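Report on one structure; see the data block that follows.
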Number of protein chains: 2
Amino acid sequence: MIGDRVLDCCALPHTSAVEDTLRVVFVRAGRSEPVSTSALADALHVSAPTVSIMLKRLTAAGLLRRTDGHLAALTDHGAAHARDVVRRHRLLEAFLAQELGVPWDEVHAEADALEHAVSDRLLDRIDRHLGRPERDPHGDPIPRGTGGLDEDWGVRLDAAPAGSAFDVERVYDRDSAALRYLADLGIHPGVRIDVTGRQPFGGPLWVRIGTIEHALGDPLTHLVHGRVVA
Amino acid sequence: MIGDRVLDCCALPHTSAVEDTLRVVFVRAGRSEPVSTSALADALHVSAPTVSIMLKRLTAAGLLRRTDGHLAALTDHGAAHARDVVRRHRLLEAFLAQELGVPWDEVHAEADALEHAVSDRLLDRIDRHLGRPERDPHGDPIPRGTGGLDEDWGVRLDAAPAGSAFDVERVYDRDSAALRYLADLGIHPGVRIDVTGRQPFGGPLWVRIGTIEHALGDPLTHLVHGRVVA
DNA sequence: GCCGATCATTAGTCTCCTCTAACTACCGGT
DNA sequence: ACCGGTAGTTAGAGGAGACTAATGATCGGC
């Protein structure tokens with residue numbers, strides 16, 4: 001690991017396992033999703049015992065608290081570390097997409113591997129090179145300095161009423177295949193969608209992008225956040 | 001590790017320890033420098049026993065041969081792997097220098113950290129983005145495809161006769177401080193130097209860059225390779 | 001109030017990478 | 001022939017990170 005991390009203070013190695021865990025806890029908490037052992041194991045592609053041990057280490061290092069049940073929540077200290085990791089991750093995503101044309105659905109995985117190897121100095125060069133961008137390709141805010149992180153998720157696409165227009169602001173980036181599908185449809189941050197209708201009983205949402213109409217199931221609409229404009 | 005390495009075939013994890021060892025053995029062998037346990041330990045910043053164990057693993061995996069004494073030499077298979085690592089390293093150096101303006105003496109350390117995290121796909125994007133460069137910022141050739149690697153080192157600066165001109169082609173990049181010093185003097189690949197004289201008994205070499213004259217000791221002149229032109 | 005499902009943790013093991021300390025093998029000088 | 005220094009290896013240890021298998025805890029349904 002090159003360069004000094006701003007928060008290299010606690011008795012923990014800044015390995016990818018530690019950093020990835022912090023990042024996922026941070027992001028899930030920001031989305032108000034439950035941060036359980038099994039959910040983390042799923043997101044981090046490791047077994048539940050591996051997560052259990054890691055959470056214990058993070059707790060011992062004062063980065064994490066166990067809340068009611070067995071859920072995890074970051075301490076202020078832990079959140080500061082995690083913010084730094086998220087910043088590296090999202091800035092790299094922006095760089096890969098804008099500078100190298102890496103497709104939308106690939107940037108997450110590439111950034112995941114690179115984020116642990118980039119020095120602070122290099123990251124700042126990237127930041128300057130991009131002109132201090134505020135959002136990554138999925139519309140997620142890139143934390144900067146000590147300012148608050150805008151975690152306003154707007155509304156989910158499936159909450160938009162039939163007949164309304166919807167401005168896409170953020171698209172959740174966990175599932176690469178779904179992301180690729182949405183990209184093929186032309187759904188990405190900055191695009192306006194016309195919500196034409198909805199089938200009853202959990203049926204698909206009908207949307208029009210440009211002149212073409214598509215039916216989207218819930219697993220897809222749940223990924224898309226933004227604002228109803230009309 | 002994202003993406004498949006071309007040569008992901010032997011029973012070894014492609015970790016940074018393994019890859020770094022292969023790269024250093026490859027480069028030292030290319031410079032006809034002895035590849036001894038202690039030399040590797042020094043270059044890799046680990047202890048001699050660590051190297052000893054790693055060499056044993058690489059030998060068991062068929063990537064390495066032990067030659068007379070205890071020296072190490074890559075097998076064809078090992079050299080192919082090492083070439084791939086060197087390619088990643090030098091291409092990243094070129095990218096960091098050209099695209100992000102990372103100073104000459106810093107690119108090596110940054111590339112060292114990144115080279116293990118870059119996927120083949122991303123590396124190819126970088127390659128295309130740079131227009132398939134042939135040399136890294138130190139003048140070292142970037143291996144490509146299966147073509148032979150140009151390891152022509154020309155002559156060392158200290159071999160240039162007094163009164164001659166010398167075109168710098170390559171500057172060895174191990175010692176960052178020395179590199180920074182040479183950069184400050186304006187000595188880098190592509191520059192022409194006038195060799196004005198040499199003190200006897202191993203004294204410094206006098207060179208003129210532009211209008212300024214400098215005295216360079218052997219530790220510095222040994223890093224600079226190129227051609228005598230007049 | 002019990003039963004089964006789900007979830008988290010503990011227990012035990014493995015590999016990789018690193019270290020220090022001790023030992024061995026070789027080589028040159030006397 | 002011996003003695004000392006240098007280089008390489010072996011021995012022993014430990015931390016990080018991962019796994020499977022087994023155990024404990026919790027909660028809903030009947």
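Keep in mind it's a predicted model, so treat the numbers as computed, not measured. Lettering of chains follows the sequences in order, A, B, ..., and the numbering in each one begins at 1.
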Spacing between A:L55 atom CG and C:dC7 atom C1', to the nearest angstrom: 13 Å
Nearest to side-chain heavy atoms of A:S47, which nucleotide of D:dA18, D:dT20, C:dT9: D:dT20
N/O donor-acceptor pair under 3.5 Å between B:T37 side chain and B:S52 backbone: no
Sugar-phosphate, base or nothing in reach of B:S38, heavy atoms under 4.0 Å: sugar-phosphate
Spacing between B:H45 atom NE2 and C:dC17 atom P, to the nearest angstrom: 18 Å
Sugar-phosphate, base or nothing in reach of B:A48, heavy atoms under 4.0 Å: base
Whole-Å distance separating the CD1 atom of A:I53 from the P atom of C:dG12: 13 Å
Residue-phosphate contact under 4.0 Å: B:R57 side-chain N/O, C:dT18 OP1/OP2: no
Exercise: do A:E115 and A:H89 side chains pair donor with acceptor under 3.5 Å: yes
Nearest-Å distance for atom pair CG/C1', residues A:L58 and D:dA16: 13 Å
Sugar-phosphate, base or nothing in reach of A:T37, heavy atoms under 4.0 Å: sugar-phosphate
Nearest-angstrom distance from the residue atom CG of B:D20 to C1' of C:dT18: 14 Å
OP1 or OP2 of D:dT9 under 4.0 Å from side-chain N/O of B:H70: yes
Length of the line joining B:M54:CE and C:dC19:C1', which is rounded to integer Å: 14 Å
Side chain of B:P49 - closest among D:dG17, C:dA21, C:dT10: C:dA21
Residue whose nearest DNA chain D nucleotide is more 5′ - B:L71 or A:T50: B:L71
B:R144 and B:E134 ion-paired at < 4.0 Å: no
A:S176 versus A:E106, side-chain donor and acceptor atoms under 3.5 Å: no
Axial cation check for A:W153 ring with A:R170, 6.0 Å and 45° limits: yes
Spacing of A:H14 atom NE2 relative to D:dG17 atom C1', expressed in whole Å: 17 Å
Below 4.0 Å: OP1/OP2 of C:dT10 and any side-chain N or O of A:K56: yes
A:V18 side-chain proximity, nearest of C:dC16, C:dT9, D:dG17: D:dG17
Side-chain N or O of A:S52 closer than 4.0 Å to phosphate OP1/OP2 of C:dA8: no
Rounded distance (Å) that lies between atom C1' of C:dC19 and atom CG of B:L44: 15 Å
